[in-house]
Every structure is written in C-alpha cells, then in structure tokens.
2 protein chains.
Amino acid sequence: MEFQVSFHLNEKVFLKDPESSELGKQLIKSAIDLIYELGFEHFTFKKLATEVSTTEATIYRYFENKHRLLLYILNWYWSYMEFLVMFRLQNVADPQVKLQIIIELLTQELPESSGTMDYNKRYLNQIIISESSKVYLVKEVKEINKSEVFKAYKDLCAKIAEVVSEYNPDYLYPRSLSSTLIEMSHFQQFFSNYLPKLTDVGGLGHKDFTARFLTDLLFKAIGK
Amino acid sequence: MEFQVSFHLNEKVFLKDPESSELGKQLIKSAIDLIYELGFEHFTFKKLATEVSTTEATIYRYFENKHRLLLYILNWYWSYMEFLVMFRLQNVADPQVKLQIIIELLTQELPESSGTMDYNKRYLNQIIISESSKVYLVKEVKEINKSEVFKAYKDLCAKIAEVVSEYNPDYLYPRSLSSTLIEMSHFQQFFSNYLPKLTDVGGLGHKDFTARFLTDLLFKAIGK
DNA sequence: TCCATATGATAGTATTACTATTGTTAATTG
DNA sequence: CAATTAACAATAGTAATACTATCATATGGA
C-alpha cells in the first residue's frame, strides 16, 4: 500500500510554499544535501541556486533568508516526528511501552520515505542533530516566536509530556523533561560522535548509547 | 583581601594572548558586550574594532576569526566554572551537598569579579546560555577538537562526573549526565525565558526553576 | 486571445571576512 | 645612544555573502 503524509506547515515560515512547485520541492531536497555537506554556516542561497540550476532571486521568492529555510526543514521534521509518535502509539495502552517507543523514535534514524517526500533521511537526521538549535538560539528569537513558527516543536514536546504525565501524573516537570529528551537525543549523539569524553559511549554505537542513557534517565526521573 | 585567579587558556585558541596587553583585555571586554548586544551572528570584527577604536587588522593579530574569539570566551568560562566548583567544594564532605552546590553554580549568575577580570558577568552569562553550543555545533568540529580547545569543557564535565560517581559509584552514565546538566542549565533557562511552553516554569524565575528541575532530575537519576 | 504567475537573466549594493603593505611610535638591547 | 624590534594604526583591496530591483520570457488557464 502506498500512502503519503503531509502537514500544513506554518505559512509564515515561507513566502511561497515550496510544496507548490517542482522547483520548490527540489529546493528543499538540495538544501538538505547542501546543509548536510557544508554545515549551515557555509550554506548559501548562491550555492543552492547553482545546485538546482536556478538563481538566488528565485530562491528569495520562496524564503526570506537561509534561517527561514532551515526553520522550514525543522518544522517538517517536528511535524513528521509528532505524526510518527502518534502513529506508532496507536493501540498501545501501556504508557511505559509508549515512552520506550518515543525514545526509539527520537534516537533511531527516520524511517524511509512515506510517500513523495523522499528527502535523504540520513542527511536530514544529521541536520537535526547538528543544526536544530541554531534556529532558536538567535537574538531575534522573541520576534520570530511571535509568528508561531516554533509551534510544531512545542506540539511535539507537549505530546511527549502528555505521555509522561499519563505514566506518572504526579511528576512536576513533564514538559521540561520532554524538551530535555528531545535536545539530549541530539546532543548526546553529537557528543558521542565528536566529543566522546562528554559521554559514556564506550564501545557502543552512538544511537544505541543515547537510547540507553535516555531510557535510564527518563524512567528514573518519573519513577519505575 | 584581594586576590585574582588566572588560568592558562589553551594557546591554540588565540594567535596572540589578549591577556598580554591592555588592548587585548579591552578587546575581550568589549567583545562580551557586543556579542551580548548583537548576538554572535551579527557580531563582527569591524564592529568590535570601531568599539575599541582600533582596526580589524589588529584584531586579526589576536584571533584567527570570530569563532575563535567566542571559543576563547567560553574557555575562560569553563575554566572559571571548574575553578569555582573546586573552590566551593572545599571542605564539603557530603557528595549530596556537593552536587547541590554544583547545580547552584551552573544556574545562578557568576559571582562578581574575582580580581582584574571585570567582565560584565550578566552579559557573559547570557552569552554562555545563548551562544555556547555554537562553538562545537559546526562542520569543522573534528578538526577543531584536535587542537584540544574543548579540553576545559571536558575537564569541567569530568569534575562533575567525579562527584556523581562519588555519590553513586554504580551509576552508569556519570559523564553524559554531567554534560546533560551543563547543557540543560543553559537550555532550560533559555527556554523558560523565550519559549516557556517547552518548560514547566510557571510563575517561577527561570534560574530558580532550572535549579529545581535539574536537582530533581539529577537526584532521581542517581538515586536519593 | 488575454492575463496572471513563475521563473530566468542580469545588475547592483552594502556588508562581511579576510589579507597585504606601509608607516609611526615606543620599548628593548647591544 | 643608536639600532632593532614589536605593536599598532592607516589604508587598500578582494572575494564572498546577503540581499534588492528590474525586465524579459514562457506557460497554462479563463
């Protein structure tokens, strides 16, 4: 069976919906490749334009600047992740199992292609790990936040927090714990890869290690 | 009693030690002001040069680029924090009390001026919170790490991990827990300030909230 | 056929992130 | 005291970045 999921991403992230045209879709696809390859700092619209054989001017018709493009990609990821959580928790009654599934989703690679969106999931994953903080750790965060472009992140966080509270209604910090899980699912992977002394990764793969660490942390925090 | 602390920061961070001249010291001081004010992305050597009435060329004799300057500031912070931890743990026997002191240090503002280094501590604090991830979340992290410029961070992390292990020798993830504490002491403050829905800050101040959340998390993780 | 919309082509600007050269001054040393 | 060096100022210049603007062309409905 073929099916496809799509989310309507906050329209304030883009000027013109990249989903609305072939070029737009190609833009996102290539952007993911390029950001992965160069890192966000070295990624420019000029390079992206060359990659998809168009001009800077055209890209500026889709996105105000490269920060917005990254925000678009992250919005897509957050929405997709929330969908995956919802999807994978179907018919699971036990909140403990639910939480285990959530940690698995946060630490393992994204499942391949659900429909037309055939972004390179390995690259996307790396971008989430290495670049996601950069969309909010900016001076303009207050301004940007007003346009609700972080809603998808907050929703994901809220969804996880809900399950935390289901597991233990008395736990005082469900949302902070959720954002900690999300952030640390990235950071611990990044650290165990590049700065392993900041972790206890040892001989394990960094995804497995991160999953174990977070599972331990989570269930101890909310009580087993 | 007057005293002053100084650390010898890794020499690979700078080209010419800013501690070695008046201009150099002024550079760091003004850099902290400017990065705070503009955010790291909008901070440039040109602006810094104007601020201290010198030229870009001169600044380039001290630092290879602005990333290195930020790294210098963070090295200073990490070293200072490690010193503070060591200092404040003197004659404290109980590892539980030690950990409480550590969380306090991580979440409260830096104590004012220990000697000549009269950087603006409030600004410095904000920089740590908002900009610190940017020094390692870069494509070049592997290369940069080879010059050991993250040693101060790793040392701080190791020192905290040591106390964690002292408290509970059986805990499996002392270093990951420590890096989680450090990172989350910044992120939860940032979130509770700008994206409060990602937290459970409620009516509390964001420093106090972060301290409470981390205390709860830490002691539950390692067992009370 | 007309009209809107999307894109291409081209140009241009201010700023950024550097590098290079030369000159001045002040401190160090022989 | 002269000579040298180091530190910095002054100036210039370059390639890349982050945009903005204008106009032409193609395409696909109404």
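In what follows, every chain begins at residue 1, and chains take the letters A, B, ... in the order their sequences are listed.
Counting any heavy atom pair closer than 4.0 Å across all strands shown, B/K66 reaches sugar-phosphate atoms only and no base atom. Note on A/Y62: only backbone sugar-phosphate atoms sit closer than 4.0 angstrom, heavy atoms only; bases stay farther off. Within the 4.0 angstrom heavy-atom criterion, only backbone atoms of the sugar-phosphate kind lie near B/S53; the bases stay farther away.
Distance NE2 (B/H42) to C1' (D/dT17): 14 Å, rounded to an integer number of Å. The separation between A/F63 atom CZ and C/dT7 atom P is 13 Å, rounded to whole Å. In this structure, NZ of B/K46 is placed 12 Å from P of D/dA9, rounded to the nearest angstrom. Separating the CG atom of A/L69 from the P atom of D/dT17 is a distance of 16 Å, rounded to the nearest angstrom. We find that CG of A/L48 is positioned 18 Å from P of D/dA16, with the value rounded to whole Å. Atom CG of B/L27 is separated from atom P of D/dC8 by 9 Å (rounded to the nearest Å). Put simply, NZ on A/K25 is 15 Å from C1' on C/dA6, counting in whole angstrom units. A/Q26 has its CD atom 12 Å from the P atom of C/dG8, to the nearest Å.
The side chain of B/E56 lies closest to C/dA17 when the candidates are C/dG8, C/dA17, D/dT11. When distances are taken from the side chain of B/N65 to each of D/dC8, C/dC18, D/dC23, the shortest belongs to C/dC18. Considering only side-chain atoms of B/T44, the nucleotide from C/dT16, D/dT20, D/dC8 that sits closest is C/dT16. Taking the side chain of B/K47 as heavy atoms from C-beta on, and the options D/dA18, C/dT16, C/dT7, the nearest nucleotide is C/dT16. Nearest nucleotide to the A/R61 side chain, out of D/dC8, D/dT22, C/dA6: D/dT22. Minimum atom distance to the side chain of B/Y60 is reached by C/dT19, of the listed C/dA6, C/dT19, D/dT11. The side chain of A/K16 lies closest to C/dT7, out of C/dT7, D/dA18, C/dA20.
Phosphate contact (OP1/OP2 of D/dT11, side-chain N/O of B/T55, threshold under 4.0 Å): absent. B/T58 has a side-chain polar atom (N or O) that falls below the 4.0 Å cut-off from OP1 or OP2 of D/dA9. The side chain of A/T54 places an N or O atom within less than 4.0 Å of a non-bridging phosphate oxygen (OP1 or OP2) of C/dG8.
B/E19 and B/H8 are not linked by any side-chain donor-acceptor pair at a separation below 3.5 angstrom, with hydrogens and angles left out of the test. Between the side chains of B/Y153 and B/S132, no donor-acceptor pair is found at a separation under 3.5 Å.
A/K197 forms no cation-pi arrangement with A/F191, by the criterion of a distance under 6.0 Å to the ring centre and an angle within 45° of the ring axis.
Rotation axes derived from the C1' atoms of the five outermost pairs at either end of the helix from C/dT1-D/dA30 to C/dG30-D/dC1 lie 10° apart, to the nearest 10°.
Along DNA chain C, the nucleotide nearest A/V52 and the nucleotide nearest B/F43 are compared for position; the residue whose nucleotide lies closer to the 5' end is A/V52. Summary of the strand contacts: B/S21 and B/A57 both lie near DNA chain D, and taking for each the nucleotide with the nearest heavy atom, the more 5' one is attributed to B/S21.
Relative orientation of the A/F7 and A/Y80 rings is tilted, given thresholds of 30° and 60° on the angle between their planes.
In this structure, B/E162 does not pair ionically with B/K159, as no charged nitrogen and carboxylate oxygen lie closer than 4.0 Å.
Side-chain N or O atoms of B/K66 include one that pairs as donor or acceptor with a backbone N or O of B/F43 at under 3.5 Å. B/H67 contributes a side-chain N or O that, together with a main-chain N or O of B/V135, makes up a donor-acceptor pair within less than 3.5 Å.
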Donor-acceptor contacts, no H, no angles, side chain residues 123-131 of chain A, under 3.5 Å, sequence neighbours left out:
| residue | atom | partner | partner atom | Å |
| --- | --- | --- | --- | --- |
| A/S130 | OG | A/Q126 | O | 3.3 |
| A/E131 | OE1 | A/K134 | NZ | 2.5 |
| A/E131 | OE2 | A/F40 | N | 3.4 |

